[in-house]
Amino acid sequence: MSERKLKAWQEAGLIDAPTADRIRIWEAQHERPLALWSIVGIAALAIALGLISVVAANWDAIPGTTRLAIHLALLAGMAALLWWKRDAHPMVGETGIFLFAALGLTFFGHTGQVYQTSAPLWQPLAAWLLLFTPIMLLFGRGWLSATGWFVGLAGTLQAYADYRFGFGNVDVSPALWGTLTALPILVVAAAAAMRSRSTRPDFWRRLEQIALIYTVAGTSLLLIASGFGDGPWESGDGKALTACVTQSAIAALAAAFTFILRPSASGKSVALVLAASAVVNLLGYTLADKDVAAAILFMLFWLAIAAAALRGGWRPVFQFAVAVIALRLIILSFELADDLLGSGLGLILAGLLTLANAFAAVKVSKRFAPKDEPETAEDKP
């Protein structure tokens, strides 16, 4: 805590002198030596890099079975350490779980290298997901475990889709392709259901956030690609439509489940974003090679996100959505201009619209999402 802030708060009458003294004592007792930890981290990184360099220099000289035995020993040692330190600080356990899962993932790659296997990528990913999902979902507590597990899930499904059909190829089983690419969206609803039923609500909140980011990013990228004629809808045939409808149906199902399972303002806002993604995905099918229409739909999608952020009280999300809309508006001005004069006039118009957009956003934000409004764990996205 900054001494300057304490003095400013005390002079403004927000806190009295005894309260300021108690804050100073508490901060002193809970102060973390960041400089010391930074030095320890740099030393640990140097040792790790040195060990990797030594092993890499003699990699071919080490028999494959020996390398695998050492790898297994590391996995066993990490598992024993996690069990021994199961009551340690949450961040210690979280870091250990992530490293344990990372060691497990690299073990499958190591095995393939030693025995020269030619299995498709989705198979070792699926095996890793099956083996490490229990420990990550049952004991994970933060961003590391949530991100690692979700990336593993999405990566496995995408790898299988690529193996079966190729990227964006809906010529074979379009419904299955749509299901594989959209299935991670259901994690939003599952995590929302677990938040109020688990002793680790922060973990499930993080997982819900990551799955929602995946949904928003995927929908936005599809709109951008469709504007350039590179989206999965460009074929315009019935099979592409089937895949698109399947994706939108899964997003709508996730929206309905989230709305029912988490009826708070934040939960309804998440459901609104999912519903907007479902609708936009369907509309995007009709906009292949139509850059202006796709850009407008992109901005409308982020306008819906901004509205959801206002409803849920997510001030940073609202501000980010406004910035994305402003940036897309400026890019659109370049896309519409055919010459230097047109570019200049387009930039002027886009700048004026962006300023008006920012001014309105500030007013709306102060009115509906004030910065000093308390935010509970349930209200967080």
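Keep in mind the model is a prediction, meaning the values are calculated, not measured.
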Fill in the blank from the handout: Result for salt bridge (Lys or Arg N to Asp or Glu O under 4.0 Å) between Asp202 and one of Arg205, Arg200, Arg206 points to Arg205

Problem - Partner set under side chain to side chain donor-acceptor pair (under 3.5 Å) for Ser248, not counting sequence neighbours - result: Asn281

Practice task
Using the test side-chain contact (heavy atoms from CB on, under 4.5 Å), find all partners of Ala306 that sit at least two apart in sequence or belong to another chain.
Solution key: Phe318, Ala321

Practice task
Please report the closest heavy-atom contact between Thr258 and Ala271, naming both atoms and the distance.
Solution key: CG2-N, 4.2 Å

Exercise for the section: Look at atom CZ of Phe320 and say whether more than 12 heavy atoms of other residues, nucleotides or ligands are closer to it than 6.0 Å. Expected result: no

Exercise for the section: For residues Phe150 and Trp143, establish whether the separation of their ring centroids is below 6.0 Å. Expected result: no

Handout entry: Ala265 backbone acceptor or donor facing Ser269 side chain under 3.5 Å
Key = yes

Handout entry: Thr219 and Ser277: side chain donor to acceptor below 3.5 Å
Key = yes

Problem - side-chain contact (heavy atoms from CB on, under 4.5 Å) partners for Phe257, two or more places apart - result: Ala189, Leu253, Leu261

Problem - Minimal non-hydrogen separation, Trp128 against Ala101, with atom names - result: NE1-O, 2.9 Å

Practice task
List the atom of Pro184, the atom of Ala211, and the distance in Å for their closest heavy-atom pair.
Solution key: O-CB, 4.1 Å

Handout entry: Thr181 side chain to Gly178 backbone, donor-acceptor under 3.5 Å
Key = yes

Handout entry: Nearest-0.5 Å distance, CG of residue Leu131 to CG of residue Leu105
Key = 11.5 Å

Handout entry: side-chain contact (heavy atoms from CB on, under 4.5 Å) partner of Trp149, the single match among Ile97, Ile135, Leu129
Key = Leu129

Fill in the blank from the handout: Tightest non-hydrogen contact, residues Ser220 and Phe301, listed as OG-CE2, 3.7 Å

Fill in the blank from the handout: Minimal heavy-atom distance between Ala161 and Trp177, with the atoms involved, is CB-CD1, 4.1 Å

Problem - Residues, nucleotides or ligands: over 12 heavy atoms within 6.0 Å of Phe259 CZ - result: no

Exercise for the section: Indicate the ring-plane relationship of Trp302 and Phe298, choosing parallel, tilted or perpendicular according to the 30° and 60° boundaries. Expected result: tilted

Problem - Heavy-atom closest contact (Leu207 atom, Val187 atom, distance) - result: CG-CG1, 3.8 Å

